[in-house]
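Working notes, beginning with the structure itself.
Values below: all heavy atoms of this structure, side chains included; hydrogens, waters and symmetry mates excluded. In what follows, chains carry the letters A, B, and so on, assigned in the order in which the sequence lines appear, proteins first and then strands, with residues in each chain numbered from 1.
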Amino acid sequence: MHDPRALLDPGTEAVRRLARRGYTLDVPALEELLSSRNAGIKTADDLRAESKKLAAEVGKTAKAGGDVSALKERARQIKDEIKQAEEGVEQKAADLREWMLSIPNLPLDSLPDGFSDEDATEIRTWGTPPEFDFTPLDHVDLGERTGILDFARATKLSGPRFRVAKGAGAALERGLVSFFLDTHIREHGYTEFAVPHLVSPTALVGTGQLPKFEEDLFRTSAGSRDLYLIPTAEVPLTNLHADEIVEPGELPLAYTAWTPCFRSEAGSYGRDTRGLIRVHEFEKVEMVRICAPDQSQNELEKLVGHAEALLQKLGLAHRVILLAAGDTGFGAQMTYDVEVWLPGQNAFREISSCSDCGQFQGRRANIRTRTEDGKREFVATLNGSGLPIGRTVAALLENGQQADGSIVIPEALAKYTGFSTIHADGKTD
RNA sequence: GGAGGCGUCGCCUAGUCCGGUCUAUGGCGCCCGCCUGCUAAGCGGGUUUGGGGGUUAUUCCCCAUCGCGAGUUCAAAUCUCGCCGCCUCCGCCA
């Protein structure tokens, strides 16, 4: 969310910057709304001041035995006027808030122009895609042939876009979770959390999924409660400090959590319908960093480095791209995507998205810290996948496949799975 | 789900029965100053948060805020109703 005054400050260049992501800011309308709201506040405040004076006068006069009926009559009139003024202010304040909540974050000027992933800038690549002297299969064929993935039965249970993993497939998922968490905790300095997977609408407003993107979420209701399944652990992790002031000495905070993620995938009919790439429910280890606003760019570099480190330990070729201004997510001011090489698709595919949200979420969730001179300011927040389990399984299967139908598991992970080869029949050793 | 208790400006706390003198008491902590070889103690002052207005050098004025919301009243921390959270006990449950 933005501070309306900051948006109207010419120095912010909000109109130009929002235009880069296709958002047109109506400055005159915003000026009008803000100033009429403020005028309403002044009117109501002044009336209340008068009302308080009258009440005190009534008390005094009554004590002295005077006649208070005229004073009371005037006080009742003011009360009506206050009510009227307040109703106007409330309406305008609600309109203003709704508007502010719907405006995306300002992209940084360092981002490339454009609106699609084709406009992204490639930052660096790591590793070499494996060469095969046979036609590599994709992870769906590999998983079904070895019997470690079962999409047909997942559909029987829950419909399309779910997965069942069996035997080595399930063990692979569990091993990856431990491997990712251990690396972040022991080598990257993160604190592990276990968090609720159902959260309140308020939490989702805090991180920006609501009110605009409700159709992407799974909503639950039980009794009078209204809870949503989390689309990412970013939501509970970031909101841990909602309505708090985090002392500067505690920053930066580095949090990680392993959770399921639930996404309705509305509007993606026909895209990645096969396999693990786009499903309604997947496991993910998420990283969240919270820092002073002037540190967010440094922190973003660390964050993306932590995601890359996992792929490097697994020996998976990947590249880092800087998303174009118009392709960057609603809450982010800058996003690096890490893309892993998928031989089955003969392409790099997104496996991690690392975003610097600046103070955008901090303001929405009311997470603050203090400046050197003790003033309160909103923190900056960052989040990145580190990493999603399903997409990593897909990458491991496709990159590790051998001519004999077996799959070789990287050494770093074998310590966690207890096997280093999945044979064509699904057995391991 | 049922019964009871509690919720006050960082922490603790007075005030709530009986509405106006609450501009919310006191202590602790913290900040500034005085005193002082130094430190402590002592003394004096300050210390909720959010918003609006005027000035823009500072500063000043106003409004809201006693868990949240509604109501009664000229006037609510105080009375009424609803809700939320926490604690204790009971029921149910993995």
Could you list, one pair per line, each protein nitrogen or oxygen that sits under 3.5 Å from a nitrogen or oxygen of nucleotides 71-77 of chain B, together with the distance?
| residue | atom | partner | partner atom | Å |
| --- | --- | --- | --- | --- |
| B:C74 | OP1 | A:Arg76 | NH1 | 2.4 |

A:Asp243 CG to B:C84 P, in whole Å, measures 19 Å
Considering only the C1' atoms, how many Å lie between B:C66 and B:C6, rounded to the nearest integer?
-> 15 Å
Select one nucleotide: of B:C63, B:G52, B:G50, the one nearest the side-chain heavy atoms of A:Arg368.
-> B:G50
Nearest-Å distance for atom pair CD1/P, residues A:Ile41 and B:G52 | 6 Å
C1' gap between B:C63 and B:A57, integer Å | 26 Å
Whole-Å distance separating the CG atom of A:Asp3 from the P atom of B:G50 | 14 Å
Check the distance between B:G52's P and A:Lys92's NZ and give it to me in whole angstrom.
-> 15 Å
Using the ring of each side chain (for Trp, its six-membered ring), is A:His306 parallel, tilted or perpendicular to A:His188, with breaks at 30° and 60°?
-> parallel
Taking a pair to mean Watson-Crick or G-U wobble geometry with both distances below 3.5 Å, B:A64 pairs with B:U49
A:Glu247 CD - B:G29 C1' separation (whole Å) = 14 Å
Minimum side-chain heavy-atom gap A:Met100-A:Arg363 below 4.5 Å | no
Establish, yes or no, whether a centroid distance under 6.0 Å links the rings of A:His197 and A:Phe262.
-> no
A:Lys42 NZ - B:U55 C1' separation (whole Å) | 14 Å
If you measure from the C1' atom in B:C87 to the same atom in B:C74, how many Å do you get, rounded?
-> 40 Å
For atom CZ of A:Phe378 and atom C1' of B:U49, their distance in whole Å | 13 Å
Using the P atom as the reference point in each nucleotide, state the distance between B:G67 and B:A24 in Å, no decimals.
-> 15 Å
Does OP1 or OP2 of B:G51 have a side-chain N or O of A:Arg5 closer than 4.0 Å?
-> no
Quick one: list whatever passes side chain to side chain donor-acceptor pair (under 3.5 Å) with A:Asp356, sequence neighbours left out.
-> A:Ser296, A:Gln297, A:Gln333
Can you tell me if the side-chain N/O atoms of A:Asn38 get under 4.0 Å from OP1 or OP2 in B:G51?
-> no
Using only heavy-atom distances, determine whether the side chains of A:Thr207 and A:Glu234 contain a donor-acceptor pair under 3.5 Å.
-> no
Start at the 5' end of RNA chain B and walk down; is the nucleotide closest to A:Glu90 or to A:Ala39 reached first?
-> A:Ala39
On a whole-Å scale, what distance lies between the P atoms belonging to B:C28 and B:U23?
-> 26 Å
G-U wobble or Watson-Crick pairing nucleotide for B:A75 (cut-off 3.5 Å, both distances) = none
P spacing across the pair B:C93 / B:G5, given as an integer number of angstrom | 28 Å
With sugar-phosphate meaning primed atoms plus P, OP1 and OP2, does A:Arg370 contact a base, only sugar-phosphate, or nothing at under 4.0 Å between heavy atoms?
-> nothing
Length of the line joining A:Leu33:CG and B:G52:P, which is rounded to integer Å | 13 Å
So among A:Asp337, A:Thr328, A:Thr232, which one has a side chain to side chain donor-acceptor pair (under 3.5 Å) with A:Ser353?
-> A:Asp337
Watson-Crick or G-U wobble mate for B:G4, both contacts under 3.5 Å = B:C87
Using the C1' atom in both, what is the distance from B:G71 to B:G54, to the nearest Å?
-> 36 Å
Give a yes or no on whether a salt bridge exists between A:Glu57 and A:Lys60, defined as a side-chain N under 4.0 angstrom from a carboxylate O.
-> no
Same-atom distance (C1') from B:G7 to B:U65, integer angstrom | 16 Å
Side chain to side chain donor-acceptor pair (under 3.5 Å) partner of A:His139, the single match among A:Glu398, A:Arg391, A:Arg274 | A:Glu398
Residue list, side chain to side chain contact (heavy atoms under 4.5 Å, CB included) with A:Leu198, at least two apart or on another chain = A:Thr220, A:Leu227, A:Leu229
First encountered from the 5' end of RNA chain B, between A:Ala62 and A:Arg376 | A:Ala62
